[in-house]
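One structure is given here, and the rest of the page talks about it.
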Amino acid sequence: MTGTPPGIGALRARTEAALGEAARAWLDKAATEAASGDTGNQQTPAPWELRFAEAGRRCGTEHADDARIVLLHAARADTPTLTRLYEQGAAAERRAVLAALPHLVPGPDALPLVEDALRTNDTRLVAAAVGPYAAEHLPPHHWRHAVLKCLFTGVPVDAVAGLAARARGDAELARMLGDYAHERTAAGRAVPDDLRRVLALTTPPNPEAEES
Amino acid sequence: MRIFDPHIHMTSRTTDDYEAMYAAGVRAIVEPSFWLGQPRTSPASFFDYFDALLGWEPFRAAQYGIAHHCTLALNPKEANDPRCTPVLDALPRYLVKDNVVAVGEIGYDSMTPAEDTALAAQLQLAATHELPALVHTPHRDKLAGLHRTLDVVRESDLPLDHVLIDHLNETTVKAAKDAGCWLGFSVYPDTKMDEERMVAILSEYGPEQVLVNSAADWGRSDPLKTRKVADAMLKAGFTEDDVDRVLWRNPVAFYGLSGRLVLDVPGTDATHEGNSILRGGA
């Protein structure tokens with residue numbers, strides 16, 4: 001194992017601090033179970049996977065995402081396991097899997113999960129799909145459509161990780177945003193503020209800064 | 001006034017809607033197969049859905065005096081999921097059925113290679129089965145999607161005049177009209193088109209080849225939008241003949257290309273495979 005990915009230790013400490021005593025004890029026990037190496041399969045989930053599913057009831061919905069990420073990390077869940085949990089999971093479980101990807105999957109193997117979430121119109125899933133994992137791995141065409149999807153479904157573009165860095169100098173994204181703004185205007189509808197914001201971010205780097 | 005809603009997802013609607021639609025003048029509808037909001041994960045759930053569009057839903061519609069036909073296809077969004085693509089192989093056995101009046105909705109969602117493949121394959125299926133095709137234009141990057149759609153249709157064996165391009169708006173109507181396609185407009189409460197903009201487009205481009213639909217489904221939508229457009233047309237000075245043309249004769253002509261449109265509602269007995277829509281019935 002290659003050590004704890006950045007951020008996960010702090011996330012666990014923050015989650016435990018926020019939980020009440022009973023929930024904290026439950027999470028510690030569940031995380032120990034998860035770390036035990038038990039693996040589940042399509043028919044029979046490992047015990048910790050049932051804890052993953054019930055984390056909302058045990059920790060409260062406001063802490064459930066973080067608790068689930070803690071469990072996934074403690075289990076060192078690999079891509080096949082994450083895929084199974086995503087496919088068998090309800091929306092909240094899927095969201096936690098998506099949020100855990102940057103902590104657990106170093107390469108692009110888990111992109112099908114991100115793409116699946118981006119096909120939904122569930123804004124909770126769309127927002128979770130455009131996190132740091134998508135910023136690092138989603139190919140340009142899919143990433144542009146993900147940004148547009150946020151604008152269409154009303155997901156604030158603040159949810160898009162690495163937005164400024166990926167948008168900079170993206171002439172195709174600028175073209176798509178311009179067309180969308182034109183379509184809105186032709187329909188007599190307002191152009192969303194977020195569209196203008198992203199459009200401004202597509203401005204190419206100052207050429208003078210690159211010269212000399 | 002007689003109304004044909006050429007695109008409405010009644011599976012997501014109630015019998016109250018059927019009742020209100022009949023009262024508004026709706027006598028015929030076409031229900032395209034589409035995405036259900038919750039992505040499907042296996043071909044079998046498509047087949048059950050197709051069977052419902054061929055069985056239960058026309059039965060329900062007939063109870064309210066409305067003729068129901070459907071269009072079947074693998075929709076572009078789910079064409080991106082390899083678990084669903086085997087639906088393409090099963091379509092031929094569905095496309096021969098009496099009530100199927102077009103292949104659809106096909107088209108683009110995210111404009112991926114998988115969507116290219118599904119669109120081209122299903123246009124070919126339409127040509128082979130002598131059916132027209134209902135092709136929607138994508139929500140995102142619509143104009144680019146329309147141009148790419150027209151290119152794929154031109155490369156297929158299906159003539160452009162057998163294609164209804166749907167969800168058009170001010171920015172896409174001209175290219176679709178110039179290509180010689182049928183022109184579909186979906187009128188929604190707060191996205192796509194509204195009644196006044198629809199009338200403005202009819203004034204500018206004329207009623208020829210134009211179809212207006214409610215595209216009502218599980219999202220915010222209104223199954224009476226067809227009637228509201230008809231009223232707005234009359235108010236704006238269009239004749240009753242214009243209204244009949246857009247809201248009845250044009251959809252009849254387009255789906256009539258299938259040779260399968262039957263507009264007399266068959267009398268139904270009170271049950272469908274033993275099930276009644278009357279609560280407490282069999």
Side-chain angles (χ1 to χ4, degrees), chain A residues 42 83-84 86-91 94 111-126 129 138-155 170-192 195 198, chain B residues 34-42 75-84 108-116 137-148 167-175 185-198 200-201 204 217-220:
Chain A
Q42 197 73 22
T83 301
R84 185 163 45 76
Y86 178 92
E87 288 176 353
Q88 297 182 346
R94 292 182 173 200
L111 271 180
L113 303 185
V114 173
E115 290 164 0
D116 184 273
L118 288 171
R119 281 197 293 275
T120 73
N121 280 8
D122 183 331
T123 50
R124 299 166 300 176
L125 291 176
V126 173
L138 204 59
H141 178 81
H142 285 80
W143 186 80
R144 292 180 193 119
H145 270 271
V147 173
L148 251 68
K149 181 120 190 185
C150 288
L151 296 173
F152 270 80
T153 55
V155 171
D170 188 337
E172 175 65 1
L173 178 63
R175 200 258 324 143
M176 291 162 82
L177 293 167
D179 281 359
Y180 182 35
H182 175 65
E183 192 182 320
R184 297 279 307 178
T185 307
R189 297 192 174 115
V191 174
L195 190 155
V198 183
Chain B
F34 81 136
W35 179 58
L36 295 178
Q38 178 71 33
R40 281 167 283 213
T41 60
S42 74
N75 64 80
K77 191 190 286 267
E78 290 175 307
N80 287 305
D81 189 331
R83 290 171 298 182
C84 299
Y108 283 113
D109 181 61
S110 298
M111 290 195 269
T112 62
E115 293 173 25
D116 285 328
T137 45
H139 299 280
R140 304 180 301 282
D141 211 6
K142 191 180 269 293
L143 186 56
L146 172 67
H147 287 303
R148 190 149 146 189
H167 308 330
L168 290 170
N169 63 22
E170 291 86 350
T171 65
T172 49
V173 53
K174 187 168 187 312
F185 295 87
S186 300
V187 181
Y188 264 23
D190 54 9
T191 59
K192 297 191 171 77
M193 295 297 294
D194 63 33
E195 295 89 317
E196 284 69 35
R197 289 165 50 216
M198 191 64 241
I201 281 185
E204 186 171 352
D217 58 11
W218 35 252
R220 183 151 189 264

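What you see is a predicted model; the values in this text were computed from it and never measured.
- With chain A as the partner, the residue from B/Lys77, B/Lys192, B/His139 showing the most heavy-atom pairs under 4.5 Å is B/Lys77.
- Contact annotation for B/Asp109: only backbone heavy atoms (N, CA, C, O) come within less than 4.5 Å of a heavy atom of chain A.
- A heavy-atom distance below 4.5 Å is not found between the side chains of A/Val191 and A/Tyr180.
- By the 6.0 Å and 45° rule, B/Arg220 does not stack over the aromatic ring of B/Tyr188.
- With chain B as partner, the option from A/Arg189, A/His141, A/His182 having the largest number of non-hydrogen pairs under 4.5 angstrom is A/Arg189.
- Using a 4.5 Å cut-off between heavy atoms, A/Asp179 touches chain B through its side chain atoms alone.
- Taking a cutoff of 4.0 Å between a charged side-chain nitrogen and a carboxylate oxygen, B/Asp81 and B/Arg40 do not qualify as a salt bridge.
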(request) Take B/Thr137 and B/Lys142 through the side-chain hydrogen bond (donor to acceptor under 3.5 Å, both in side chains) test and state the conclusion after the steps. (result) CA-CA 6 Å; B/Thr137 45; B/Lys142 191 180 269 293; 3.1 Å; yes
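- Looking at B/Asn169, only its side chain comes within 4.5 Å of chain A, counting heavy atoms on both sides.
- Electrostatic pairing of A/Glu87 and A/Arg84 does not count as a salt bridge here, judged by no charged N lying under 4.0 Å from a carboxylate O.
- Residues A/Thr83 and A/Pro112 have side chains not in contact (no heavy-atom distance under 4.5 Å, counting atoms from C-beta outward).
- Counting heavy-atom pairs closer than 4.5 Å to chain A, the top-ranked of the candidates B/Arg140, B/Met193, B/Glu170, B/Met111 is B/Arg140.
- Judged purely by atom type and a 3.5 angstrom limit, A/Lys149 has no side-chain atom pairing as donor or acceptor with the backbone of A/Val155.
- Put simply, of A/Asp116, A/Leu148, A/Leu177, A/Leu151, the one with the most heavy-atom pairs under 4.5 Å next to chain B is A/Leu148.
- In this structure, the portion of B/Arg197 lying under 4.5 Å from any heavy atom of chain A is its side chain and not its backbone.
- Among A/Glu115, A/Glu183, A/Arg175, the residue making the largest number of heavy-atom pairs under 4.5 Å with chain B is A/Glu183.
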